[in-house]
Structures are given as C-alpha cells and as structure tokens.
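For clarity, every value in this text was computed on a predicted model and none was experimentally measured. Proteins come first, then strands; the chains are lettered A, B, ... in the order of their sequence lines, and each starts at number 1. Note: hydrogens, waters and symmetry copies are ignored here, and every other heavy atom, side chains too, is used.
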2 protein chains.
Amino acid sequence: MDSAPPAPPSSPPSSAPSSPWLPFESRRRARDEKREAVLRAAVQLFLEQGYHRVTLNEVAERLNITKPALYNYFRGKDEILFECWSMGAELVDSVITEINAGGGSGLAKLRKLVHAYAALMATDFGASLVRFDLRDLTERNAAVARDAKKRIDATFRRYITGGIADGSIGPCDPKLAAFAIAGALNWIGHWYRRDGALSPTEIADEFTVRLTEGLAAESRQQMTKKTPRAPQRRDSGRKTPGKKRTGATR
Amino acid sequence: MDSAPPAPPSSPPSSAPSSPWLPFESRRRARDEKREAVLRAAVQLFLEQGYHRVTLNEVAERLNITKPALYNYFRGKDEILFECWSMGAELVDSVITEINAGGGSGLAKLRKLVHAYAALMATDFGASLVRFDLRDLTERNAAVARDAKKRIDATFRRYITGGIADGSIGPCDPKLAAFAIAGALNWIGHWYRRDGALSPTEIADEFTVRLTEGLAAESRQQMTKKTPRAPQRRDSGRKTPGKKRTGATR
DNA sequence: ACTTTTTCTTACCCGTGGGTAACATATCGG
DNA sequence: CCGATATGTTACCCACGGGTAAGAAAAAGT
C-alpha cells in the first residue's frame with residue numbers, strides 16, 4: 001500500500017551510470033518480502049492440511065522453488081511454524097496496544113477487544129494462534145509463545161476486573177469469564193470458513209453482543225446496532241506492522 | 001492410572017476340574033477389557049504429547065507389551081485414535097439422550113447440556129473430541145466423526161430454537177449462539193488441567209450460568225447461586241455406558 | 001571483466017516409526 | 001496329551017521427510 005519507496009536521501013538523478021543507491025535498503029527489503037511470502041504460503045498449507053502433513057517440499061513447490069532454498073530464510077520447519085504464529089501474536093498485540101491507548105470503561109474496552117479478536121480469528125495468521133500446537137516448537141520458542149498467550153489472557157482479565165471496578169461490569173469471576181469469552185473467540189479459528197455463510201464482520205458484531213451482554217452491570221439496553229467503533233484493522237495479507245521482530249530463537 | 005500390570009482377570013475358581021463356565025463370554029470380555037486399556041493408555045499419551053509425537057512403541061510400553069501386540073486389537077494407529085474419539089462421542093451422545101428423555105424448557109435443556117458437556121471436557125475421552133485432528137483419520141472414519149459433530153451442534157441449536165419458541169430464551173441467532181456456547185465449552189478441553197485450581201464441577205457450574213444468562217428471555221434475576229439442579233453426572237473414569245460399539249471402518 | 005556474495009538446485013544422507021513376517025507361548029476344546 | 005486358536009515376541013522392512021553438502025546461477029560490488 002503506502003510502503004514508501006526506498007526514499008534514498010538526496011536521490012541522484014538516475015542518469016549516473018553506476019549508482020548503487022538503494023541496494024542497501026532495497027536488498028534487505030526484497031529478502032523480507034520473500035521471507036514473508038514463505039510464511040503466507042506456509043500458514044495456508046499448515047491450516048489446510050495440518051503442520052505434520054505438510055512437507056517442506058510442498059511449501060517450496062507452491063513458491064516455485066525447491067526445499068533447500070527455504071533454508072536461506074529459516075533454520076528449519078519448526079521456525080517457520082513459530083514465525084507464522086508470531087505474525088498472529090503481533091496482530092493481537094497491536095490490537096491490544098491500540099485499545100489500551102484509547103479510553104473507555106472496562107466493558108467498552110472488552111467489547112473492542114472481542115470485536116477485533118473475533119475478526120482476527122477469521123484470518124490465516126490469526127487462526128494460527130489457536131490451530132497450531134505449541135509442542136511442535138522448540139522449548140525456547142514455545143516458552144515465548146506461552147508468554148504471549150499469558151499476556152493476552154491477562155488482558156482479558158484486566159479489562160473484566162477493570163470493568164467490575166468501574167461498575168460497567170457486574171460481579172463475576174474474571175478468570176472464568178475470561179476463559180469463556182476467549183474460548184468462544186478462539187473457537188472461531190476452528191470453524192470459520194472463508195466460503196461459509198458468515199462474514200467476519202457478522203461474526204465479530206454478533207459475538208461482541210453475545211459474549212458481553214451477560215456481563216453488563218445493569219443497563220439492559222440491547223446496543224444491538226451500536227458497533228463499537230472497532231479499529232477495523234485492515235490486515236489482509238499486508239506486511240507486518242512496524243514492530244520489532246521477535247525472531248525465532250533456538 | 002490403575003494400569004494393573006499383572007491384572008489376572010477374574011480368576012476362575014479352578015476347583016472344578018473341567019468346568020468351562022465362562023470362557024464364551026469371559027473370553028470376549030477379557031479381550032474387550034484389554035482393548036479398552038489400550039485406549040486409555042493411548043488417549044492419555046495422545047493428549048499429553050500430541051498424536052504425532054506418540055509412537056506405538058510408547059503406547060505398548062506403557063502397557064508392558066510390545067508394539068505388534070497392539071495389532072491384535074486395532075488395525076493401525078489411526079484406528080486407535082478414532083476409537084478414542086468415539087469413546088468421547090458416545091459419552092456426549094448418552095448425555096444428549098438422557099436430556100432428551102427428560103422434559104423442561106429449551107433453556108432448561110440447554111443448561112443441562114452445558115453443564116454436562118463442560119464436565120465432559122475435563123475428562124480424557126471428552127477432551128479427545130476437540131483435541132484430536134480429524135484429518136489424521138481415514139476418510140471413512142473422518143466422515144463418521146464429522147457426522148457426530150454435526151449432530152451435537154444440531155442439538156445445541158435445537159435446544160436454542162426450542163427455547164426461543166417456548167419463550168424461555170430471548171430472540172437471537174441460534175447458529176451463532178450455539179457457536180459461541182460450544183466454543184467456550186470446547187475450549188475447556190484445551191486449558192483444563194487436572195492439577196489446576198479449578199475443579200470440573202466449579203467450571204461446569206460457572207459456565208452453566210455464564211453461558212446462558214445472556215440468553216434468558218427476560219427474568220433478570222441473577223440466579224447467581226441457584227445452581228440449576230444439573231443432573232450432576234458422575235462420570236469420573238467410569239466405563240463406557242452400555243452402548244452399541246461404533247467400530248472403526250476403513 | 002573479475003571477483004565476491006547471495007540465492008537456489010541437484011543429489012544425497014539417515015533417523016524415525018508404522019507396519020509386517022515368522023516364530024514362540026499360552027489357552028482352550030476335546 | 002494333542003491340535004487349534006489367540007496372543008504375544010523378536011527381527012526386519014522401507015517409505016517418508018527433515019536436513020545437509022557441494023556446486024550452479026544470478027546479482028552485486030569493484
């Protein structure tokens with residue numbers, strides 16, 4: 001989209017015959033693009049057929065290259081899996097960051113989170129958060145993933161406890177409420193089909209209502225059509241948001 | 001668990017010299033018991049480590065036998081997986097049958113189902129319903145499993161539409177409501193730990209409230225402590241209820 | 001044009017683990 | 001005590017797929 005062209009400082013008028021201006025940045029850029037192409041192909045195959053049934057040959061084939069070429073970008077199959085997972089985690093993180101930046105009651109924040117999270121589960125990288133088995137990762141990477149999961153869960157609970165505190169949410173056990181909500185959301189990643197009858201927006205809208213209506217303190221107003229101004233992330237196949245790369249470790 | 005290694009099954013009184021009283025039945029019985037012992041060992045390992053990381057040698061070893069012995073009871077690894085899954089499916093089926101037999105409003109039935117299903121997700125065979133990948137099965141068996149899943153989902157929806165019809169449940173989209181509820185329940189199978197802080201009963205009780213409070217038509221009474229007289233299934237490690245065996249097909 | 005570096009291919013290795021064959025041992029029926 | 005059946009063992013096969021080595025081929029740098 002935007003992806004500003006390399007923007008070489010004080011660009012020379014190209015007339016110069018031998019002028020390697022942009023290779024520095026451009027080179028790294030091309031590499032990252034290929035790397036991400038691998039991830040997109042991989043996540044799709046992994047979701048379609050399951051990690052263990054996908055061979056690196058298949059992944060490579062889909063990219064019109066051969067297996068060993070993949071090893072220029074990743075150290076092994078499990079690292080590809082981890083990076084796919086990480087992409088999803090980064091999406092969630094950025095959603096949370098955005099919600100935290102904004103204001104609102106605990107209930108309002110929770111609704112935003114539910115809405116955005118539901119929509120995320122309908123994307124490849126989002127679904128990879130719940131469809132991949134962390135036991136396929138190295139212990140090191142699995143630990144990173146567990147940590148991220150814990151942070152997400154903590155956020156759900158934080159919004160709920162916050163909501164109870166500020167009176168927007170009625171009394172309940174935050175732990176179990178968070179489990180229930182997160183469970184319903186995560187499950188989307190298992191049943192959602194691109195070619196199904198339900199659009200991500202429909203799902204997100206309905207779930208926002210359904211999963212929080214029971215919690216609202218008293219106000220029995222069905223906010224049925226008050227889509228809670230969700231950030232409406234446009235993530236369709238876009239590049240990773242400018243965040244520090246996590247980097248698989250092993 | 002028990003896994004009594006020597007396990008001399010129902011020793012015959014031996015006093016009578018030639019008295020084959022039970023061989024006919026007893027023989028088949030011993031076989032079925034061993035078969036089920038295999039399933040118990042397998043489901044545990046599969047849940048612990050994941051299907052693909054469990055070798056048949058490990059399963060056999062845990063039973064103090066060797067791999068080829070397993071082939072006396074099952075035709076292959078995938079059939080063991082399917083039978084584990086089937087055990088869970090049978091448990092759900094018997095729950096549903098029982099609820100259908102009883103009366104009550106749509107909401108009441110739904111609550112019973114939620115309660116029993118939640119408790120089921122905290123058992124090995126129950127969790128196998130949502131933790132195993134149907135793509136590991138033969139196409140034939142996968143079809144059977146998909147069918148069973150569809151029936152379960154249909155039951156959730158039926159109770160909800162029934163509840164809307166009889167007025168016990170407020171207007172809502174049964175499809176999405178069922179997805180939300182089933183999702184929250186299924187997720188239990190992913191996070192529940194035997195050694196965790198939450199007991200199956202606690203979870204079942206709380207989820208019964210949490211997942212249905214939003215649906216109740218009007219009665220805004222927080223039934224906070226009115227545990228809805230759930231059938232209190234005692235399924236802890238019991239044998240499969242006497243139901244027709246499904247039998248893996250391939 | 002030349003070297004150097006990056007990228008990708010062909011050809012191979014080899015551990016793993018599901019499955020099988022052949023043989024041993026109970027167990028049972030008689 | 002003797003076949004027949006069921007149950008289990010030891011020893012093996014071999015397809016599969018992740019990973020590597022060695023060297024083209026293509027860019028990049030000079």
Side-chain angles (χ1 to χ4, degrees), chain A residues 6 8 16-35 37-38 41-42 45-46 49-82 136-138 248 250, chain B residues 5-12 14 16-35 37-38 42 45-46 49-82 136-138 248 250:
Chain A
S18 60
S19 57
W21 278 107
L22 24 134
F24 304 127
E25 185 67 6
S26 150
R27 196 117 159 137
R28 166 148 202 94
R29 202 177 165 73
R31 187 182 169 80
D32 284 358
E33 259 165 40
K34 288 190 191 168
R35 213 183 123 98
V38 173
L45 285 168
F46 289 166
Q49 315 182 28
Y51 178 68
H52 292 284
R53 274 171 299 277
V54 175
T55 71
L56 289 185
N57 275 322
E58 288 178 274
V59 176
E61 195 177 3
R62 181 164 293 202
L63 295 162
N64 298 323
I65 56 176
T66 56
K67 175 176 61 170
L70 296 173
Y71 285 82
N72 276 315
Y73 305 99
F74 303 93
R75 301 175 62 164
K77 195 186 183 188
D78 63 287
E79 185 179 301
I80 296 181
L81 184 71
F82 176 71
D136 288 319
L137 273 42
T138 59
R250 55 168 165 182
Chain B
S10 63
S11 55
S14 75
S18 59
S19 58
W21 276 106
L22 19 136
F24 304 125
E25 186 66 6
S26 150
R27 192 102 169 157
R28 170 150 201 91
R29 200 181 165 73
R31 187 182 170 80
D32 284 359
E33 258 166 40
K34 288 190 192 169
R35 215 183 121 97
V38 173
L45 284 169
F46 289 165
Q49 315 183 27
Y51 179 67
H52 292 284
R53 275 172 296 278
V54 175
T55 71
L56 289 185
N57 276 322
E58 289 178 273
V59 176
E61 194 178 3
R62 181 165 295 202
L63 295 161
N64 298 322
I65 56 176
T66 57
K67 176 175 60 170
L70 295 174
Y71 284 81
N72 277 316
Y73 304 99
F74 302 93
R75 300 174 62 162
K77 194 186 183 188
D78 64 286
E79 186 179 300
I80 296 181
L81 186 70
F82 175 72
D136 288 320
L137 272 43
T138 59
R250 53 168 166 187

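In this structure, the CG atom of N57(B) is 13 Å from the C1' atom of dC12(D), given to the nearest Å. Spacing between atom CD of E79(B) and atom P of dG19(C) amounts to 10 Å, rounded to whole angstrom units. Taking atom CZ of residue F74(B) and atom P of nucleotide dG8(D), one finds them 12 Å apart after rounding to whole Å. Atom-to-atom, CZ of R29(B) to C1' of dT7(D) comes out at 20 Å; the value is rounded to the nearest Å. Across the protein-nucleic acid pair, F46(B) atom CZ and dG17(C) atom P stand 13 Å apart, rounded to whole Å. Going from atom CG of L45(B) over to atom C1' of dG17(C) covers 15 Å, rounded to whole Å. Computed from coordinates, the R75(A) CZ to dT20(D) C1' distance equals 15 Å when rounded to whole Å. When rounded to the nearest whole Å, the span between CZ of R35(B) and P of dT7(D) equals 12 Å.
With sequence neighbours left out, R62(A) forms a side chain to side chain contact (heavy atoms under 4.5 Å, CB included) with A41(A), Q44(A), L45(A), E48(A). Take R53(B) and apply the salt bridge (charged side-chain N to carboxylate O under 4.0 Å, His left out) test, not counting sequence neighbours, and it matches D133(A), D136(A). Partners of N57(A) under the side chain to side chain contact (heavy atoms under 4.5 Å, CB included) rule, at least two apart in sequence or in another chain, are T55(A), K67(A). In this structure Y73(A) satisfies the ring-ring contact (aromatic ring centres under 6.0 Å, His included) test with no other residue, sequence neighbours excluded. In this view, A37(A) and R40(A), L63(A) satisfy the side chain to side chain contact (heavy atoms under 4.5 Å, CB included) rule, not counting sequence neighbours.
If you check every strand for non-hydrogen atoms under 4.0 Å, V54(A) touches sugar and phosphate atoms only.
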Expected string for nucleotides 6-12 of chain C under the B/S/- scheme (protein heavy atoms, under 4.0 Å, primed atoms plus P, OP1, OP2 as sugar-phosphate) is SSBBB--

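If you take OH on Y51(A) and CG on D78(A), they are separated by 5.0 Å, rounding to the nearest 0.5 Å.
Between Y71(B) and dG19(C) there is a side-chain polar atom (N or O) within less than 4.0 angstrom of OP1 or OP2.
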